[in-house]
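The model shown is predicted, which means the values in this text are computed figures rather than measured ones.
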Amino acid sequence: MEQQNTAQLSPHGIIPWEEVTLSNNYMFNKVMTSNPDLCRRFIEHLLHIKIEKIDFPIGEFTLEADAESRGVRLDVYVRDNNGLRVFDLEMQISNKHNLPERARYYQGMMDQSDLQIGGQFESLKTSYILFLCLFDPFDKNLPVYTFQNCCEEDSGILLNDRSYKVFYNISSWEDVGDTELQAIYKLILENQSSTDFTDELRKQMNYARQNVQYRQGYMTLAWMRAEDRREAKEEGIAIGLAEGEARGSRTAKLEAARNLLALHILTEEQIAQAQGLSLAEVQQLAAEQAV
């Protein structure tokens, strides 16, 4: 079985394309979309269901609402061949603490895209939103968290709206009972393959690395993200400096007001006006000096 590669960051914080693994959502997209049968089996292992065939998976699939609403870009969007089920696969490296809300929004957008004008609600497809997380999204040490809507008064009563949201805690691979799913977890987390299926995934990654167009697309996207991070950092530094300057200016005003109060020459109103402080602030300073 193939062993783990340790990725080295470039000076700009970009992992070379030759070292990118399945945990990178760009590589994940290319592996899933370039081999529909491999994608189908991947979903089968995640959900323990059988899928006869899937339509060609769509990477970075965008769902648009309207000009005033936020659209969403799904990592990998898949339909089965009979048109009854849809699957959204999302690779999640960092915890932004908004996965439940994101899953809710994705669900609504998928349903809106699915239901044609004049269509019947009963025609909505069974939908699965699958988040592959490199962390524990709910901090309960479970390897998988599966959610359906149920009755609060009697949890045995399911809403049966045919919508499922599943969160995979990849960091808990040792606690997975299913051998193949455990191997998938380990491949994503440590880039190590231990079964025939994960060997196939590794081979598909190697094919992707040799694709010149994939490499160019990855480098373009990586540079754009690096530039966004650089601009955000510069903006944060500028804001921090401005706030620090404002705090420093305020500190100087308060100190000057204390000195004027100690001289007993000006009234509190005059000091407040001279230093651009409120009368209440100057009175508070006077009270502190009187103690």
Side-chain angles (χ1 to χ4, degrees), residues 1-9 13-32 38-39 41-49 59-60 72-78 87-107 128-148 164-206 208-209 218 222 225 229:
M1 302 300 173
E2 296 185 67
Q3 298 301 310
Q4 178 179 10
N5 291 327
T6 303
Q8 299 293 325
L9 293 177
I14 299 173
I15 299 175
W17 175 237
E18 294 74 18
E19 299 178 25
V20 169
T21 67
L22 199 64
S23 63
N24 178 279
N25 63 352
Y26 186 88
M27 174 62 80
F28 180 65
N29 292 340
K30 299 312 176 186
V31 169
M32 292 295 114
L38 202 62
C39 182
R41 291 157 60 197
F42 187 85
I43 297 172
E44 286 184 336
H45 288 308
L46 290 180
L47 294 173
H48 301 102
I49 61 175
E60 295 282 329
V72 296
R73 188 173 59 184
L74 309 180
D75 280 356
V76 178
Y77 183 71
V78 177
F87 308 87
D88 168 35
L89 290 79
E90 301 287 328
M91 185 65 69
Q92 195 68 29
I93 297 176
S94 59
N95 189 358
K96 301 182 183 302
H97 305 285
N98 64 358
L99 291 185
E101 291 82 4
R102 280 178 58 193
R104 171 183 170 181
Y105 192 69
Y106 288 11
Q107 179 71 65
Y128 298 85
I129 298 177
L130 313 176
F131 277 97
L132 298 155
C133 306
L134 270 65
F135 51 88
D136 188 341
F138 299 101
D139 297 321
K140 297 297 182 181
N141 300 316
L142 295 177
V144 183
Y145 300 88
T146 303
F147 294 90
Q148 295 186 62
Y164 303 86
K165 302 172 183 67
V166 189
F167 303 82
Y168 298 88
N169 174 17
I170 304 299
S171 65
S172 186
W173 66 268
E174 293 180 310
D175 299 324
V176 179
D178 180 85
T179 301
E180 199 65 72
L181 187 57
Q182 184 181 73
I184 291 172
Y185 275 33
K186 195 168 184 179
L187 175 65
I188 294 173
L189 189 66
E190 300 180 356
N191 199 31
Q192 295 183 0
S193 58
S194 56
T195 65
D196 291 341
F197 180 67
T198 51
D199 273 349
E200 289 187 61
L201 289 170
R202 283 293 299 265
K203 289 177 183 177
Q204 198 66 30
M205 278 192 281
N206 290 334
R209 293 191 185 101
Y218 167 76
R225 289 176 175 173
R229 289 194 298 271

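Residues Gln182 and Thr179 have side chains not in contact (no heavy-atom distance under 4.5 Å, counting atoms from C-beta outward). Taking the side chain as every heavy atom from C-beta outward, Ile43 and Leu89 approach each other to under 4.5 Å. Using a 4.5 Å cut-off on side-chain heavy atoms (C-beta onward), Pro100 and Phe138 make contact.
Remark: the backbone N or O of Met91 is paired with a side-chain donor or acceptor of Asp75 at under 3.5 angstrom. Judged by distance alone, the side chain of Gln148 and the main-chain N or O of Tyr164 form no donor-acceptor pair under 3.5 Å. Without hydrogens or angle criteria, Glu44 side chain to Leu46 main chain gives no donor-acceptor distance under 3.5 Å. Without hydrogens or angle criteria, Asn169 side chain to Leu142 main chain gives a donor-acceptor distance under 3.5 Å.
When only modelled atom types and interatomic distance are considered, Asp136 and Tyr145 share a side-chain donor-acceptor pair under 3.5 Å.
Minimum heavy-atom separation, Ile188 to Ser23: O-CB, 3.5 Å. Across every non-hydrogen atom of Tyr168 and Leu47, the tightest pair is OH-CD2, 3.5 Å. The shortest non-hydrogen separation linking Trp173 to Glu190 is NE1-OE2, 3.7 Å. The nearest pair of heavy atoms linking Leu99 to Phe167 is CB-CE2, 3.8 Å. Counting all heavy atoms, side chain and backbone alike, Asn191 lies closest to Met205 at OD1-CE, 3.8 Å. The heavy-atom pair separating Tyr185 from Pro143 by the smallest distance is OH-O, 2.7 Å.
In terms of the salt bridge (charged side-chain N to carboxylate O under 4.0 Å, His left out) criterion, Glu180 has no residue partners (sequence neighbours excluded).
The NZ atom of Lys186 lies 13.5 Å from the CD1 atom of Ile170; values are rounded to the nearest 0.5 Å. Going from atom CG of Asn24 over to atom OH of Tyr218 covers 5.5 Å, rounded to the nearest 0.5 Å. In this structure, Ile184 CD1 and Leu22 CG are separated by 9.0 Å, a value rounded to the nearest 0.5 Å. Rounding to the nearest 0.5 angstrom, the gap separating the NE2 atom in His48 from the CG atom in Leu181 is 5.5 Å. Atom CZ of residue Phe28 and atom CD of residue Gln92 lie 12.0 Å apart, to the nearest 0.5 angstrom.
In this structure, Phe42 has its ring center at least 6.0 angstrom away from the ring center of Phe87.
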TODO: Please report the C-alpha distance between Leu201 and Val31 in whole Å, then the side-chain angles of each, then the deciding distance to 0.1 Å, and finally whether the side-chain contact (heavy atoms from CB on, under 4.5 Å) criterion is met.
DONE: CA-CA 7 Å; Leu201 289 170; Val31 169; 4.1 Å; yes
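A parallel orientation is assigned to the rings of Tyr106 and Phe131, their planes being inclined by less than 30° (bins at 30° and 60°).
Only one option out of Lys203, Arg209, Gln204 pairs with Asn206 in a side-chain hydrogen bond (donor to acceptor under 3.5 Å, both in side chains); it is Arg209.
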